[in-house]
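These notes concern the structure reproduced below.
Throughout, protein chains are lettered first and strands after them, A, B, ... in sequence-line order, and every chain is numbered starting at 1.
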Amino acid sequence: MAIMYALKSSDNEIFEVEQKVIEQSETIKKMIEDGAATGEIPLQVSSKTLAKVLEWCKQRQHKTVENENDDNKGKRKKERDEDDDIKEWENKFSDELKADKDVLFDLLLASNYLDLPALLSFLCQLVADMVAGKMPEEIRRMFNIENDFTPEEEKAITAEHGWAFQP
Amino acid sequence: MDRISSLPEPLLQHIMSFLPFKQVVQTSLVSKVWRQAWLTFPVLEFDEHSESYKFPVIKHLLKRILEIRKDWYQILQIRHRNMVGVRKMTLNTGDSELADRCASYAIENNVKELILKIDQSLLMWYTLPSFVLCSKSIDVLQLEGCKLELPRRELKLSLRRLCLSQVYADDQVINNVLLRCSLIEHLELSHCAGFKSLELFGLAKLSEITLGHNDELKRLKIDALNANSSLCISGTVPSELDICNNMTSLSLAGIGSFTDEWLCSYISRIPLLERLYITQFYNIERMKISSCRLKTLGISICRKLVEVGIETPNLSTFSYVGDLISFSSSATLNLSETNLCFTPYTASFRRKDFDDIEPEWYEKYIELIAKFRQFSTVVNLESGYWEYLHFPGELRQNLTPPLSGVKHLNFRTRSLKLNYELAKVIDFLLWISPHAETIYLDYSDHKLRFQFWYKERPPVYEGEIARCCKSLPVVSCWEHCIKKVDIEITSRYTELYLATGEMRRSTKVKRCVVEGERILEKIDGVVESGVSNFTLHEGPFRQPETIE
């Protein structure tokens with residue numbers, strides 16, 4: 001019988017989760033080990049974001065369990081199929097995030113707070129892919145960033161690193 | 001709302017770390033927050049050759065390189081003044097003064113990873129400042145085109161990974177450095193000069209040793225390593241070779257002067273060996289390998305090889321690349337996987353010779369595949385050139401398909417012109433393995449997966465037997481038995497980002513279903529258009545109902 005924990009989001013919603021799933025978070029793992037996690041574990045994460053975090057954790061957990069059960073027979077083919085499945089799942093997951101950047105950044109902060117290195121790297125890579133190949137002006141537009149440089153400052157920066165701004 | 005700029009700086013820098021360095025510098029123009037993130041960015045990557053291809057005229061290239069160096073001197077100066085540290089530093093330059101500056105800035109700031117590549121065009125070795133080999137902070141050190149000298153202080157180093165390429169160090173220096181790397185896990189020496197003797201002992205964490213083309217190395221002594229260590233030697237093998245017997249993985253490549261007996265006796269002296277890879281042993285004709293723990297054996301491109309005899313009761317994976325051989329095993333084999341890539345040598349030299357291949361070659365080829373099928377759960381086939389699989393039709397009638405009963409077949413090839421050859425490959429594979437459920441075809445950047453659905457009762461052609469069925473057994477006449485084919489194409493392709501000139505690899509998956517008459521022609525057309533422009537019609541795709 002799997003041990004269950006109750007996570008409480010910042011808007012007071014309760015999530016019942018298996019220990020194995022939630023222990024991927026170093027932060028929560030520590031709370032459990034320190035014995036601070038009796039009853040509900042209060043987290044500074046909204047229910048909407050927490051649901052997404054758990055979606056990721058469950059998928060990862062699923063993957064590791066399957067690998068453990070693998071025997072040698074036909075492993076190659078199985079691995080290939082699994083890789084494809086995971087890639088497909090990740091693609092869907094990232095497409096949703098790309099469509100709603102607020103969720104994306106909430107999730108990024110949550111993965112940092114909960115200490116989920118794999119999710120954090122995945123999300124940083126995702127944002128980097130959105131930025132890659134874009135000029136500064138395009139990046140500003142994409143993320144609603146205000147240009148707080150004066151034209152003179154801009155000129156100075158461009159001059160300082162001339163090579164980087166040449167094609 | 002601007003969410004990205006309100007992220008904590010380390011998170012923004014984490015995102016930036018996935019960008020090419022040039023774009024990291026460009027982002028300093030986005031806003032003040034981004035500029036601050038750049039000013040303290042912990043990774044520096046100076047590569048003056050990264051854009052050489054854009055400057056075909058040498059005069060323009062040199063001008064550009066000088067500009068770049070000037071900027072980098074300035075970056076170093078600013079960071080030094082602001083006391084900004086660095087975690088990872090990469091430098092690829094021909095400027096030895098810049099190299100000195102970078103090295104001292106990096107070491108002063110307790111760099112973790114240092115990669116220095118110095119141009120060989122200087123005609124003189126760049127002498128690595130001796131303080132680099134006294135640094136206690138460096139985890140990973142990679143040097144190219146340097147000369148190492150004996151450090152003044154004999155400190156223990158905390159290196160985990162050391163890679164030297166085209167480095168000059170004499171016996172005393174190299175052995176002194178290695179002796180102090182008690183935490184080292186990975187060591188790579190290639191095209192190095194100066195040392196004749198290498199002794200590795202007491203390095204309890206060392207698990208991966210790669211030695212390539214160190215032509216002056218005559219004596220190699222390895223002792224007391226990690227229990228799970230691997231050694232890979234290519235180019236020349238030292239004449240005096242003394243390897244501790246707890247090595248588990250050994251890879252030998254491109255070694256000409258050793259004989260059948262040498263190899264045989266050598267292998268038997270490493271009792272714990274589990275993985276053995278032998279490549280380009282041009283002298284050896286007969287290979288006898290006996291090893292009771294060996295699990296993986298790979299033999300490739302041993303040109304004179306005609307016979308392989310093994311005595312390896314625990315072998316589970318066998319891979320072979322080369323011409324046909326006679327194969328025997330004195331123990332009962334129970335392999336989980338065999339990878340076979342047979343190519344006639346005459347054909348691998350001159351491609352036009354494919355037509356000259358004797359029917360006997362094909363017979364032996366089929367025989368060998370059938371032989372491996374007997375003691376291997378999975379047999380994967382590969383072919384460097386696939387033209388020689390233009391299998392003479394009459395042979396098919398006389399030979400038994402070697403992989404009957406195999407449900408999932410893997411086939412890899414490097415050369416394939418999809419527009420007219422794919423159907424022939426599929427036809428061949430379905431003869432090799434009649435009524436296969438899935439065939440994976442892996443070639444360069446594309447992976448194709450075919451899933452076949454067969455008619456429950458193969459059609460009986462009374463009176464009007466289709467012409468193809470007259471000369472072939474019905475079972476191999478796949479065009480008449482197949483109900484439909486699900487095709488999945490996974491393509492890796494390269495995208496060019498214009499702003500940075502950077503190339504990126506991406507993957508795309510396309511799926512479609514082919515059914516009805518003339519499936520063969522349809523497959524050809526569908527795959528060709530799917531691979532060339534991704535305009536494939538996307539159809540429903542079902543998972544296989546039974547997986548073995």
Consider only side-chain N and O atoms of A:D11 and A:S9, and report whether a donor and an acceptor are under 3.5 Å apart.
yes
Is there a donor in the side chain of B:T40 and an acceptor in the side chain of B:Q13, or the other way round, less than 3.5 Å apart?
yes
Between B:T317 and B:E337, do the side chains contain a donor N or O and an acceptor N or O under 3.5 Å apart?
no
With a 3.5 Å distance limit and no angle check, can you tell me whether A:E154 reaches the backbone of B:L29 through a side-chain donor-acceptor pair?
no
Report the residue from B:E48, B:Q74, B:R64 that forms a side chain to side chain contact (heavy atoms under 4.5 Å, CB included) with B:R69.
B:E48
B:S5, part contacting chain A, at a heavy-atom distance under 4.5 Å:
side chain
Among A:L120, A:T158, A:L126, A:N147, which has the most heavy-atom pairs under 4.5 Å with chain B?
A:L120
Answer with side chain, backbone, both or neither: which region of A:E137 has an atom nearer than 4.5 Å to a non-hydrogen atom of chain B?
neither
Of the backbone (N, CA, C, O) and the side chain (C-beta and beyond), which part of A:I139 lies under 4.5 Å from a heavy atom of chain B, both, or neither?
side chain
First locate atom CD1 of A:I22, then atom CG of A:L54, and finally report the distance between them rounded to the nearest 0.5 Å.
5.0 Å
Flag the one option from B:I75, B:I68, B:L11 with the top tally of heavy-atom pairs under 4.5 Å to chain A.
B:L11
Looking only at heavy atoms and a cut-off of under 4.5 Å, which of A:N112, A:L123, A:L104 has the most pairs with chain B?
A:N112
Using non-hydrogen atoms and a 4.5 Å limit, figure out which bit of A:N91 sits close to chain B: side chain, backbone, both or neither.
neither
Max heavy-atom pair count under 4.5 Å with chain A, selected residue of B:V25, B:V24, B:T27, B:L12
B:V25
